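Keep in mind the model is a prediction, meaning the values are calculated, not measured.
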Amino acid sequence: MRLHTGLSAAERDERAAELPARVGLSGDHLLRRAAGGNSAAPCPGHRPSWAMTWTLSSSLDELHSEAGDFLAAHPAENTVLLTVVDRLAVAGSGRPAERAPRFGWWRPEPGAPVAGVFLQTPPLPIRFGLTPPEAGAELAELLRVQGVELGGAGGGRAPVEAFGAAWCRGGRAASRVQVEERLYRLGELTGPSPAPSGRARRATVRDRELLVDWYAAFAAEVRSPHPADYAAMVDRRIAEGGLWLWEDGGRPVSFAGVSPVLAGMSRIGPVFTPPGLRGRGYASGLVAAGSAYARTAGAEQVLLYTDLSNPTSNSIYRKLGYRPVEDCLVLEFV
């Protein structure tokens, strides 16, 4: 059995880097650009709804300053953003200008607290954190004015659907559902019954070749549309102690990732068992062991994503004590 995380943007973007200078634009800057560089807004008295609510930037420092508290206050809904931001900070500068990360935060009115956030590491889709649907629609309008090209959008269902409808309005594009997922949070951990044969252990460099192959097999199975450096992912996650194996009879039979604790949150995933070894409870035992480890490491919230098209995995993880937080969606624009 495998758990389709789908939101592997958190892993694919982990080697992306922040540009040190701010190149994003606020709504007022966009209005001046739309007016051909004039200092006045193009239509006084008819300011678009996004003109004072979204701020865009490529500065990681500015994101931390303006929206860091908001990200940390909602670690479940912002789990992917927290992971990607951490990876960008670790990677440092050096990302080409044409692939500079794009960050944005939304306020319902000037001076109000941040109430929505997104990021993008081109050419990957944008990713929403906790964001109201009206902000998603406003962002689509803003990015259209900026001339941004997008391949898709992901995150909570409500803002993604609102963004997609606004982005495709007037036949400018079409969208199709790429992934439908459910975000779960661990309540009271209950081990699988009956317990699977074997035990969990942390992966080491001796497991590298196997894990690279399993990462690639997982990506192929979930039809990940974006290539990734699986060897680099495995190397990093082994170094930080974030990959775990289930062994039966001294042989690895399943693997799972456990992310570092950020803002009191850790996320399980990906989870993969080769097809010929499924149906024996290995993934359940490994997720339970990884979840217990995450809590020992200080995680107040342990999260995971499941593919809504896989009722078996959704049922299994509920039995372990995971409870739904929100449904999520990834749209592809064509």
Side-chain angles (χ1 to χ4, degrees), residues 5-24 55-72 75 78-105 117-129 148-155 203-205 208 211-212 215-216 218-219 224-243 256-270 294 297-299 303 305 330:
T5 64
L7 305 187
S8 52
E11 295 170 345
R12 291 192 300 266
D13 287 359
E14 64 199 5
R15 299 179 66 83
E18 172 226 355
L19 286 186
R22 172 176 177 165
V23 298
T55 300
L56 305 186
S57 175
S58 64
S59 168
L60 194 59
D61 288 341
E62 189 171 17
L63 174 70
H64 279 300
S65 175
E66 297 293 331
D69 289 346
F70 177 78
L71 287 170
N78 295 328
T79 174
V80 172
L81 275 68
L82 285 165
T83 304
V84 174
V85 166
D86 180 65
R87 294 300 161 206
L88 289 169
V90 170
S93 61
R95 190 176 176 88
E98 66 272 14
R99 294 197 173 189
R102 179 179 290 111
F103 310 116
W105 48 93
V117 65
F118 86 94
L119 62 72
Q120 184 200 14
T121 53
L124 298 176
I126 69 168
R127 179 76 198 185
F128 284 101
V148 172
E149 295 184 3
L150 288 175
T204 71
V205 293
R208 181 181 186 272
L211 287 168
V212 171
Y215 251 99
F218 172 81
S224 175
H226 303 287
D229 186 344
Y230 302 118
M233 286 185 182
V234 168
D235 288 343
R236 175 188 59 78
R237 299 200 74 172
I238 288 177
E240 67 187 18
L243 288 180
V258 182
S259 72
V261 179
L262 299 169
M265 170 279 302
S266 176
R267 191 173 65 252
I268 306 296
L303 310 170
Y305 284 97
V330 178

Considering all heavy atoms of both residues, which atom of [X] and which atom of [Y] are nearest to each other, and what is their separation?
| X | Y | value |
| --- | --- | --- |
| A294 | V258 | CB-CG1, 4.0 Å |
| G257 | L243 | CA-CD2, 3.9 Å |
| A219 | Y230 | CB-OH, 3.0 Å |
| G269 | R237 | O-NH1, 3.1 Å |

I want to check something: taking the side chain as every heavy atom from C-beta on, are [X] and [Y] in contact at a cut-off of under 4.5 Å?
| X | Y | result |
| --- | --- | --- |
| L56 | F118 | yes |
| L150 | Q120 | yes |
| L60 | H64 | yes |
| R267 | L82 | no |
| N78 | F70 | yes |
| R102 | I126 | no |

About how many Å separate [atom2] of [Y] and [atom1] of [X], when rounded to the nearest 0.5 Å?
| X | Y | atom1 | atom2 | result |
| --- | --- | --- | --- | --- |
| F103 | L88 | CZ | CG | 5.0 Å |
| L63 | T55 | CG | OG1 | 11.5 Å |
| L71 | E66 | CG | CD | 12.0 Å |
| M233 | D235 | CE | CG | 11.5 Å |
| L262 | R87 | CG | CZ | 7.5 Å |

Hey, does the side chain of S266 reach the backbone of S259 with a donor-acceptor pair shorter than 3.5 angstrom?
-> yes
With sequence neighbours excluded, residues passing side chain to side chain contact (heavy atoms under 4.5 Å, CB included) with A72 = A263
For D86, salt bridge (Lys or Arg N to Asp or Glu O under 4.0 Å) partners two or more places apart = none
